[in-house]
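Residues: numbered from 1 along the sequence shown. Note: hydrogens, waters and symmetry copies are ignored here, and every other heavy atom, side chains too, is used. Everything quoted here is computed from the prediction, not taken from an experiment.
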Amino acid sequence: MSAPFKLTALPWDEDALAPTISANTIAFHYHKHHQSYVDTLNKLVAGTKYADLKLEEIVQKTAGAGEAKEKQIFNNAAQVWNHDFYWRSLTPSKTEAGGQLDSAIAAAFGDKETLIAGLAEAGKTQFGSGWAWLVSKGGKLSVEKTPNAETPMAKGVNCLLAMDVWEHAYYLDYQNARPKYLETVLGKILNWNFAAENLTKEDHAVRAAAE
């Protein structure tokens with residue numbers, strides 16, 4: 001039987017984010033770390049009730065699990081989802097936060113610079129490994145941080161952008177300077193088009209639920 005989960009293709013070439021994130025970092029992060037989460041998840045779900053579920057469903061059903069194997073399943077499934085989401089949160093192309101997203105940013109933060117500062121602070125202050133997120137709840141934006149593999153999506157929260165602050169995301173390029181990594185990535189290669197698409201998805205879901 002073939003493995004249910006495969007390593008999702010990157011949305012850009014491995015050297016496309018250089019010099020902000022080098023091809024060397026992408027190669028190790030994607031082919032070693034991300035691939036390992038996929039491979040481990042496939043081994044863990046084989047022959048279980050999770051084998052035929054979608055990745056999001058596995059994350060949500062195993063979140064907060066007390067049983068050891070289910071915790072392992074959550075950690076690896078969430079890390080697969082988080083990494084898929086992180087890659088799409090970055091882009092080598094210039095994007096801008098326009099339209100509905102721009103209005104939502106203005107309402108929640110005042111301006112994009114304040115939002116970016118909030119994401120940087122969340123990433124800097126996340127102790128140990130983890131993630132910084134831009135999320136929307138009922139169209140209202142906020143910044144969250146999560147440890148290890150934890151993700152707001154596990155609780156049904158709509159994610160717009162993600163920043164990986166595990167050391168393997170930046171150490172080859174920035175060594176221990178996590179703040180410099182955050183400052184550079186947030187200032188140069190965030191994919192605002194992806195954030196706008198995710199905000200629109202929530203809007204559509206709310207409308208569909210009301211009908």
Side-chain angles (χ1 to χ4, degrees), residues 11 17 20-21 25-26 29-30 33-34 37 56 59-60 63-64 74-91 95-97 100-202:
L17 304 183
T20 304
I21 302 177
T25 288
I26 295 297
H29 195 170
Y30 177 68
H33 295 280
H34 193 176
Y37 295 128
E56 277 194 17
V59 174
Q60 291 174 345
F74 171 81
N75 284 335
N76 286 276
Q79 282 294 81
V80 173
W81 190 91
N82 289 353
H83 279 85
D84 286 343
F85 197 86
Y86 170 64
W87 303 132
R88 288 177 289 160
S89 295
L90 308 177
T91 177
T95 60
E96 296 292 342
Q100 181 187 2
L101 177 60
D102 191 53
S103 298
I105 290 172
F109 301 98
D111 53 46
K112 191 170 76 173
E113 289 70 28
T114 303
L115 161 58
I116 288 174
L119 277 169
E121 184 65 15
K124 284 188 290 186
T125 57
Q126 172 52 49
F127 183 76
S129 300
W131 300 82
W133 305 86
L134 176 63
V135 303
S136 62
K137 300 174 185 177
K140 184 176 181 180
L141 307 191
S142 62
V143 168
E144 295 187 10
K145 58 183 178 179
T146 59
N148 302 317
E150 297 292 334
T151 168
M153 182 276 288
K155 299 177 181 178
V157 175
N158 186 41
C159 300
L160 304 190
L161 293 170
M163 279 295 295
D164 188 343
V165 294
W166 285 63
E167 282 191 341
H168 61 240
Y170 60 86
Y171 209 86
L172 293 179
D173 295 327
Y174 298 91
Q175 283 74 57
N176 62 323
R178 183 192 288 186
K180 183 64 176 177
Y181 154 74
L182 288 162
E183 173 190 336
T184 309
V185 171
L186 291 170
K188 293 184 176 180
I189 58 171
L190 275 187
N191 190 347
W192 296 106
N193 290 342
F194 182 57
E197 290 169 9
N198 289 320
L199 183 60
T200 300
K201 286 177 186 175
E202 183 188 38

Inset, instruction - Identify, with sequence neighbours excluded, every residue that meets ring-ring contact (aromatic ring centres under 6.0 Å, His included) alongside Phe109. - result: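 Phe109 satisfies ring-ring contact (aromatic ring centres under 6.0 Å, His included) with no residue once adjacent residues are dropped.
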Inset, instruction - Taking ring-ring contact (aromatic ring centres under 6.0 Å, His included) as the test, write out the residues that go with Phe74, two or more places apart. - result: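 Per chain and number, Phe74 pairs via ring-ring contact (aromatic ring centres under 6.0 Å, His included) with no residue.
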Which pair of non-hydrogen atoms, one from [X] and one from [Y], has the smallest distance, and what is that distance?
X	Y	value
Arg178	Tyr170	NE-OH, 3.3 Å
Ala149	Asn82	O-ND2, 3.1 Å
Gly139	Ala104	O-CB, 4.1 Å
Ala97	Lys112	CB-CD, 4.4 Å
Gly118	Val143	O-CG1, 3.8 Å
Glu202	Ser136	OE1-OG, 2.8 Å

Who passes side-chain contact (heavy atoms from CB on, under 4.5 Å) against [X], sequence neighbours left out?
X	answer
Pro11	Trp87, Arg88
Asp102	none
Asn191	Thr91, Thr95, Asn193, Phe194
Ile189	Leu17, Thr20, Ile21, Leu90, Val185

Inset, instruction - Please determine which of Trp133, Trp192, Tyr86 meets the side chain to side chain contact (heavy atoms under 4.5 Å, CB included) test together with Leu161. - result: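 Looking at Trp133, Trp192, Tyr86, the match for Leu161 under the side chain to side chain contact (heavy atoms under 4.5 Å, CB included) is Trp192.
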Legend entry - Listed once per pair and sorted, the salt bridge (charged side-chain N to carboxylate O under 4.0 Å, His left out) pairs that draw on residues 118-128, sequence neighbours left out: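 Residue pairs passing salt bridge (charged side-chain N to carboxylate O under 4.0 Å, His left out), neighbours aside: Glu121-Lys124.
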Inset, instruction - May I ask you to decide if Gly130's main-chain N or O and Glu150's side chain share a donor-acceptor pair within less than 3.5 Å? - result: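 Side chain of Glu150 to backbone of Gly130, a donor-acceptor pair under 3.5 Å: no, none is there.
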Legend entry - Residues, nucleotides or ligands: over 12 heavy atoms within 6.0 Å of Lys188 NZ: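 It does not: Lys188 NZ has 12 such atoms or fewer within range.
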Legend entry - side-chain contact (heavy atoms from CB on, under 4.5 Å) between Leu182 and Leu119, worked out: CA-CA 8 Å; Leu182 288 162; Leu119 277 169; over 6 Å; no
Inset, instruction - Go through the structure and list residues passing side chain to side chain donor-acceptor pair (under 3.5 Å) with Thr114, not counting sequence neighbours. - result: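 Testing Thr114 for side chain to side chain donor-acceptor pair (under 3.5 Å), a comparison that skips the adjacent residues, returns Asp111.
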Which value, rounded to the nearest 0.5 Å, describes the distance between [X] atom [atom1] and [Y] atom [atom2]?
X	Y	atom1	atom2	value
Asn158	Leu199	CG	CG	7.0 Å
Tyr174	Thr25	OH	OG1	8.5 Å
Tyr37	Asn76	OH	CG	7.5 Å

Inset, instruction - Answer with yes or no whether the side chains of Trp81 and Thr151 bring together a donor and an acceptor at under 3.5 Å. - result: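 Thr151 vs Trp81: no donor-acceptor pair found between side chains.
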Could you list the residues that satisfy salt bridge (Lys or Arg N to Asp or Glu O under 4.0 Å) with [X], not counting sequence neighbours?
X	result
Lys137	Glu144
Lys155	none
Glu197	none

Side-chain donor-acceptor pairs under 3.5 Å in residues 162-169, sequence neighbours left out?
residue	atom	partner	partner atom	Å
Asp164	OD1	Trp166	N	2.9
Asp164	OD2	His29	NE2	3.0
Asp164	OD2	His83	NE2	3.3
Trp166	NE1	Asn148	O	3.2
His168	ND1	His33	ND1	3.4
His168	NE2	His29	NE2	3.4

Legend entry - pair Phe85-Cys159: side-chain heavy atoms closer than 4.5 Å: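 In contact.
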Inset, instruction - Go through the steps to decide whether Val135 and Leu141 satisfy the test side-chain contact (heavy atoms from CB on, under 4.5 Å), and finish with yes or no. - result: CA-CA 6 Å; Val135 303; Leu141 307 191; over 6 Å; no
